[in-house]
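Chain A is the first sequence line, chain B the second, and so forth, proteins listed ahead of strands; every chain is numbered from 1.
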There are 2 protein chains.
Amino acid sequence: MLTNSRLVHQPHDHSRCINAALASANNLCAEKNARLTATRESVLRLLWQSHQPLGAYQLQDRLSKLLNKPVAPATIYRAVDFLLQLGLIHRIASLNAYIGCPFPNSEHSNLFMICTDCGSTAEVAHNTINDLLQSISDKAHFTLKSQSLELFGLCPQCSADTEESSNG
Amino acid sequence: MLTNSRLVHQPHDHSRCINAALASANNLCAEKNARLTATRESVLRLLWQSHQPLGAYQLQDRLSKLLNKPVAPATIYRAVDFLLQLGLIHRIASLNAYIGCPFPNSEHSNLFMICTDCGSTAEVAHNTINDLLQSISDKAHFTLKSQSLELFGLCPQCSADTEESSNG
DNA sequence: TTTATTAATGTTATATTATAACGTATCATT
DNA sequence: AATGATACGTTATAATATAACATTAATAAA
């Protein structure tokens, strides 16, 4: 099992995450002959700077502030589509929001643990889940192409807080 | 494993499904002291009549035609919210659409197999998946409350069609 | 059976998310 | 430099969802 759960839910040197993600993005783009333009890189950076999934219009606000000029929705959606194509980010359907992918090079589950309290979201890559879903699909004669797996609940921190307040 | 995959993907006496769903809805409402009003029942019926998930504005069109009068979005969203609350329908986040739940009384996975070709959508209830997701959550100290699991691919019929056309 | 209370609906307006269409600029190759 | 492909700017609008408040209907209480 591969997960960024601990990183997401605990304090850490976040600038390292961001730098690692951008370096990895640069590699991937070079490899695929794709252009990580200024706009695209900024959107990716904004997603990584956030500890939560961001919606298109949140990205619009932030990019607009960053560039100190108006930014249109199309600009955001185009950047986001590009990053989605390359697997550098994911869309979280239930939130209409986007988040950086912590392991863009590996086959993985698109499995997210979303805290309904604080909004923090961790991704988990888990082969057993993938295998199980594949076998369920096979049995049903369903040709599986992709998947969106979203879990809702309380992250470790918010779970602990709830526990505490109910005890004390 | 509990699934309506075969029913969804193969010809059958669909009026029976609809009647069964409505009967089950009536029971549930009686039990919970909830009112299955005319609007709510119509929306549920429309969802069951469709072989695919329907969006709010598709429901608006259909209800409007059924009643032969204008229907506002709020009417649809209110009915849909009610039915969601009772577990009589599900929302499919990736499609912004709604679908009748074939087993509203049982604990289940909210796992959907969505055909990207014809749109037909089957629900699967699978304890192993639930257990696995619960154990993953436990390991991550994530307090799991609910889940949305959406699989995209080709239904048996469309898989077969693709196979055929590639062969011949 | 009136009255009070709650639940559901009607209606209008508007917020939020996403895309279309078309012109302009930038980049890569010749 | 000319060309073609890719990316971006800009404006408008489509699609999805909610807010707010008036009205009606159903239930409960007096």
Side-chain angles (χ1 to χ4, degrees), chain A residues 25-26 28-30 32-44 46-47 50 52-64 66-86 88-99 119 148 150, chain B residues 25-26 28-30 32-44 46-47 50 52-64 66-86 88-99 119 148 150:
Chain A
N26 267 301
L28 191 65
C29 286
K32 300 219 171 176
N33 224 4
R35 279 151 59 191
L36 192 63
T37 62
T39 307
R40 291 163 175 177
E41 184 171 327
S42 294
V43 168
L44 184 58
L46 286 169
L47 283 175
S50 166
Q52 306 189 1
L54 294 179
Y57 287 77
Q58 290 177 292
L59 282 168
Q60 182 190 25
D61 284 352
R62 294 184 191 203
L63 185 58
S64 174
L66 188 67
L67 303 180
N68 202 30
K69 68 170 187 183
V71 166
T75 300
I76 300 300
Y77 282 103
R78 284 197 277 234
V80 151
D81 286 344
F82 172 87
L83 297 168
L84 284 171
Q85 289 280 330
L86 284 179
L88 290 167
I89 66 173
H90 293 288
R91 178 167 196 272
I92 307 218
S94 60
L95 303 177
N96 297 322
Y98 307 89
I99 190 168
S148 159
E150 303 175 6
Chain B
N26 267 300
L28 192 65
C29 286
K32 301 218 171 175
N33 224 3
R35 279 152 56 192
L36 192 62
T37 62
T39 307
R40 290 164 176 176
E41 184 173 324
S42 294
V43 168
L44 183 59
L46 286 169
L47 283 175
S50 167
Q52 307 189 1
L54 295 179
Y57 287 78
Q58 290 177 293
L59 282 169
Q60 181 190 25
D61 284 351
R62 295 183 189 203
L63 186 59
S64 174
L66 188 68
L67 302 180
N68 203 29
K69 69 170 189 184
V71 166
T75 300
I76 300 300
Y77 282 104
R78 284 196 277 232
V80 151
D81 285 346
F82 172 85
L83 296 168
L84 284 170
Q85 289 281 330
L86 284 180
L88 290 168
I89 66 173
H90 293 288
R91 178 167 196 274
I92 307 217
S94 60
L95 303 178
N96 296 322
Y98 306 88
I99 190 169
S148 158
E150 303 175 7

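Look at CD on Gln58(B): it is 15 Å from C1' on dA14(D), rounded to the nearest Å. Between the NZ atom of Lys32(A) and the P atom of dT6(D) there is a distance of 16 Å, given to the nearest Å. With rounding to whole Å, Leu54(A) atom CG is found 13 Å from dA18(C) atom P. Going from atom CZ of Arg78(B) over to atom C1' of dT23(D) covers 11 Å, rounded to whole Å. For Leu84(B) and dA17(D), the CG to P distance is 11 Å, given to the nearest whole Å. In this entry the distance linking CD1 of Ile76(B) with P of dA19(D) reads 18 Å, nearest Å. As a whole-Å value, the separation of Phe82(A) CZ from dT6(D) P is 12 Å. Distance, Leu63(A) CG to dC8(D) C1': 12 Å, rounded to whole Å.
Residues Arg35(A) and Phe82(A) come closest through the heavy atom pair O-CZ, 3.5 Å.
Proximity of a side-chain donor or acceptor of Glu150(A) to a complementary backbone N or O of Ala93(A) within less than 3.5 Å is detected.
Neither OP1 nor OP2 of dT16(D) sits under 4.0 Å from any side-chain N or O of Tyr98(B). Using a 4.0 Å cut-off, no side-chain N or O of Asn96(B) falls inside it from OP1 or OP2 of dT17(C). OP1 and OP2 of dT18(D) both lie 4.0 Å or more from every side-chain N or O belonging to Tyr77(B). For Thr75(A) and dG9(D), the shortest distance from a side-chain N or O to OP1 or OP2 is below 4.0 Å.
Rounded to the nearest 0.5 Å, atoms CG (Asn96(B)) and CD (Gln58(B)) are 11.0 Å apart.
Judged by distance alone with a 3.5 Å cut-off, a donor-acceptor contact links the side chain of Tyr57(B) to the base of dA17(D).
Heavy atoms of Arg40(A) sit under 4.0 angstrom from primed sugar atoms or phosphate atoms, though from no base atom.
Lys69(A) meets the side chain to side chain contact (heavy atoms under 4.5 Å, CB included) test with Leu67(A); sequence neighbours excluded.
Looking at Arg62(A) and Ser50(A), their side chains come closer than 4.5 Å, going by heavy atoms from C-beta outward.
Of the candidate nucleotides dT10(D), dG10(C), dA17(D), dT10(D) has the atom lying nearest to any side-chain atom of Ala72(A). The Arg91(A) side chain lies nearest to dT17(C) when the options are dA17(D), dT17(C), dT11(D). Among dA7(D), dA18(C), dT12(C), the nucleotide with an atom closest to any side-chain atom of Thr37(A) is dA7(D).
Projected onto DNA chain C by closest heavy-atom contact, Arg35(A) and Ala97(A) fall at different nucleotides, the more 5' of which corresponds to Ala97(A).
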